[in-house]
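One structure below.
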Amino acid sequence: MTANSSTKSAGSELPRHARVAIVGSGFSGLGAAVKLSEAGHQDCIVLERGNDVGGTWRDNTYPGAACDVPSHLYSYSFAMNPNWTRSFSSQPEIQDYIRGVAERAGVLDRHVFNCHVKRAAWSEENNRWELSTTRGSMTADVLIGAFGALAEPKLPDIPGIDRFAGTLFHSAQWNHDADLTGKRVAVIGTGASGIQIVPAIVDKVKHIDVYQRTAPWLLPRFDRPFTRPERWAFRNVPGLLRLARAGIYAARETQVVGLAKYPKMMKPFELIARAKIRFEIKDPELRRKVTPNFRIGCKRMLIANDWYPALDNDHVELVTDGIREIDGNAIITNDGTAREVDALIVATGFQVTDSPMFDTICGSDGRSLSQTFADGGMRAYKGTTVAGFPNLFVLIGPNTGLGHTSMVYMIESQLNYVIDAIDTMTRRAINRIEVLPDVVDAYNDTLQRKLAGSVWMTGGCGSWYLDAQGNNTTLWPDFTFRFRQQTKRFDIDAYQTSSTADTEPVPALSGHTG
Ligand code: N01
């Protein structure tokens, strides 16, 4: 199911005005809708370009799609699920979970589906956001940008790819009508998506060429179905779910010491990964090709038990020569070899640091987020508020990303901050908050100092964690509980504020009852 193919939509019409407009309904936007509702802010609306909730989990329906964070942690703390069927859930199960949360929280009627936000501009005159969408226009006092980091597929810039003669699609826009049975297939990309796709299709295709630009480090995947007694216990033993969650959280958090502070401490992980290569691959040449040339952790560490065995098949070729061009249905590498295929799957990731959504959001001086970020990269305060963009909260914003544990934990931390900010604005009749530029500078200076010694900056790799200028504007460089502490309360002193006394009353809502 892609953003446009779901039939599950149930939602509302676009109102003329809402107190809070949320753009996007993945884990972060949906979480915001639920938490706002719980906090009594019923006048909010979620504008979702697809026709279901779920975001990246709705869109990434490729074969083998599954999470690499255990399910008991990769879920909302306020909607824990005793019924996960296995330790690492598959995409359909996660999507069902997200949909179930939305239904049980009763927030689906606050969604406008198939509603693409084309532009959101802050009006200094009216002290509100003016939104133009494919379903009409509206205004909002507060805008929550929950459009996600893994939302916009990135296509490889390969000469001739636009004229590829066979079937071509991105991993996040899987073409379920394309039957790969008995076909010659090429997969470009060996990141988290590519290494799940290849093992899932290897047995049905005639041949696969896997184009690897950089070999990833791989660790074992301790995945298994939960037994019936375990699931019974998760449902019935008080505190067990929370305990399981805490255990997973603590175990994952220990990685921060090596990743962010002392990269040399990642060595034991590297030894495990090297042993895995020796154990799972016999061919010395293939072993050499899959052995990374950078320190483990620099790029996201991947987990899989079926990747190396899949590559070790006779009908699979791991191609490590760079791609020069595509001609007709042939992929031509730098050494001049042409390999013909029927289908080309590009598992080449997402536009994270240059999301097209950044072009559509314009602040108080009319400049867009992309123009603002053009100098020195994406920058925010606590990953959430941006100088020059009043009453805007960005979820999964700059430097809130993680490679080692659950993003849902970071999202919930941000939600604490955002809900407290909106509560504070309501309580104190504040109608405009804007983070002070000095505060943003100081915050980011500290972040960058911490990042400087991290494996992501020193490990000798390129990755989507870095932008085109080499700035790491994506990752949180510390224990995640530190982010939780920082975002526990809205710190109004970091903001310039103004009160409602000077502004016009807001027109009544139309078509949306809250
Ligand atoms: O994308 P990626 P992804 N020519 O950017 C290669 C999450 N996720 O969709 O490493 C040739 O990681 C690129 O090569 P290189 C997770 O956060 C989670 O796989 O840049 N190759 C790389 O191999 C993850 O980090 C899960 O040299 C090109 C690959 O394409 C994020 O999503 C599952 C190329 C892109 O890897 C993104 O993962 C899936 C080119 N022009 C995703 N351009 C789980 O939880 C790019 N590449 C399991």
Side-chain angles (χ1 to χ4, degrees), residues 26-28 31 55-57 60 66-77 88-89 94 146-151 191-193 216-217 219 221 245-263 265-266 269 295-303 349-350 352-353 355 377-380 382-384 394-417 443-444 446-448 450-451 453-459 461 463-467 471-487:
F27 255 113
S28 65
T56 201
W57 290 106
N60 280 269
C67 191
D68 56 10
V69 177
S71 320
H72 285 308
L73 185 60
Y74 197 79
S75 42
Y76 296 114
S77 64
F88 291 84
S89 298
I94 297 171
F147 32 80
L150 306 178
S193 304
W217 282 111
L219 292 169
R221 183 178 179 90
R245 193 178 167 90
I248 301 163
Y249 174 79
R252 295 242 154 188
E253 210 57 10
T254 56
Q255 290 183 21
V256 174
V257 181
L259 291 168
K261 298 178 192 298
Y262 307 107
M265 288 180 65
M266 296 306 291
F269 289 99
R295 177 160 277 161
I296 194 167
C298 182
K299 281 169 117 63
R300 187 184 169 102
M301 290 183 285
L302 307 182
I303 55 169
F350 299 87
V352 179
T353 53
S355 166
M378 304 193 293
R379 277 153 51 89
K382 300 190 175 178
T384 312
V394 183
L395 300 179
I396 320 186
N399 293 103
T400 58
L402 305 171
H404 70 289
T405 190
S406 173
M407 273 309 293
V408 185
Y409 183 90
M410 296 299 272
I411 289 167
E412 286 194 43
S413 303
Q414 285 193 284
L415 291 178
N416 291 341
Y417 191 73
Y443 177 80
N444 281 279
T446 308
L447 271 187
Q448 292 304 325
K450 285 189 180 173
L451 277 163
S454 71
V455 72
W456 310 300
M457 304 303 284
T458 62
C461 75
S463 73
W464 66 258
Y465 296 155
L466 311 182
D467 65 16
N471 304 304
N472 188 324
T473 55
T474 56
L475 289 184
W476 172 248
D478 207 334
F479 295 106
T480 57
F481 56 78
R482 294 246 165 88
F483 188 70
R484 178 64 57 100
Q485 286 159 353
Q486 283 190 9
T487 48

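- Side-chain atoms of W456 never come within 3.5 Å of backbone atoms of G459 as a donor-acceptor pair (strictly under, hydrogens ignored).
- A distance of 9.0 Å separates OG in S406 from CZ in R252, rounded to the nearest 0.5 Å.
- When the disulfide (SG to SG under 2.5 Å) test is applied to C67, no partner is found at least two apart in sequence or on another chain.
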Take R484 and N416, measure what side-chain contact (heavy atoms from CB on, under 4.5 Å) needs, and give me the verdict at the end. CA-CA 9 Å; R484 178 64 57 100; N416 291 341; 3.8 Å; yes

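- Between H404 and T480 there is a side-chain heavy-atom pair separated by less than 4.5 Å.
- You'll find the side chain of R379 stays beyond 4.5 Å of the side chain of N399, heavy atoms only.
- Between M378 and T474, the shortest heavy-atom distance links the atoms CE-CG2, 4.2 Å.
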K382/S413 under side-chain contact (heavy atoms from CB on, under 4.5 Å): CA gap, chis, key distance, verdict: CA-CA 10 Å; K382 300 190 175 178; S413 303; over 6 Å; no

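- W476 pairs with exactly one of L402, V256, L451, T400 by the side chain to side chain contact (heavy atoms under 4.5 Å, CB included) rule, that one being L402.
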Between K299 and W217, does a side-chain contact (heavy atoms from CB on, under 4.5 Å) hold up when you go through it step by step? CA-CA 8 Å; K299 281 169 117 63; W217 282 111; over 6 Å; no

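- When all heavy atoms of M266 and Q255 are compared, the closest pair comes out as SD-O, 4.4 Å.
- Taking every heavy atom of both residues into account, P216 and L302 meet most closely at CB-CD1, 3.5 Å.
- In this structure, the separation between CG on N471 and OG1 on T353 is 9.0 Å, given to the nearest 0.5 Å.
- By the 4.5 Å heavy-atom criterion applied to side chains, P477 and L447 are counted as neighbours.
- Side-chain atoms of T405 do not come within 3.5 Å of backbone N or O of E253 as any donor-acceptor pair.
- Taken to the nearest 0.5 Å, the OG atom of S77 stands 11.5 Å off from the CD1 atom of I411.
- A380 and N444 get closest at one heavy-atom pair: O-ND2, 2.9 Å.
- Of the N and O atoms on the side chains of Q414 and S28, not one donor lies less than 3.5 Å from an acceptor on the other residue.
- Nearest approach of G377 to D467, heavy atoms of both residues: CA-OD2, 3.5 Å.
- Using a 4.5 Å cut-off on side-chain heavy atoms (C-beta onward), V394 and T384 make no contact.
- With values rounded to the nearest 0.5 angstrom, L259 atom CG is found 9.0 Å from L475 atom CG.
- In this structure the side chain of F483 never reaches within 4.5 angstrom of the side chain of D478, judged on heavy atoms.
- Within the 4.5 Å cutoff, the side chain of R300 has heavy atoms near those of the Y465 side chain.
- Considering only heavy atoms from C-beta on, R295 stays 4.5 Å or farther from F269 through its side chain.
- Judged by distance alone, with hydrogens and angles left aside, the side-chain atoms of Q448 form a donor-acceptor pair with the main-chain N or O of N472 at under 3.5 Å.
- Going from atom CZ of F350 over to atom CG of L150 covers 5.5 Å, rounded to the nearest 0.5 Å.
- In this structure, CD1 on I296 lies 11.5 Å from SG on C461, to the nearest 0.5 angstrom.
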Start with the C-alpha distance between L395 and L415, add both sets of side-chain angles, then the distance that settles side-chain contact (heavy atoms from CB on, under 4.5 Å), and finish with yes or no. CA-CA 8 Å; L395 300 179; L415 291 178; 3.9 Å; yes

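- The side-chain heavy atoms of M407 and V69, taken from C-beta on, include no pair separated by under 4.5 Å.
- When every heavy atom of F88 is checked against every heavy atom of R221, the shortest pair comes out as CB-NH2, 3.4 Å.
- When ring centroids are compared, Y409 and F481 stay outside the 6.0 Å threshold.
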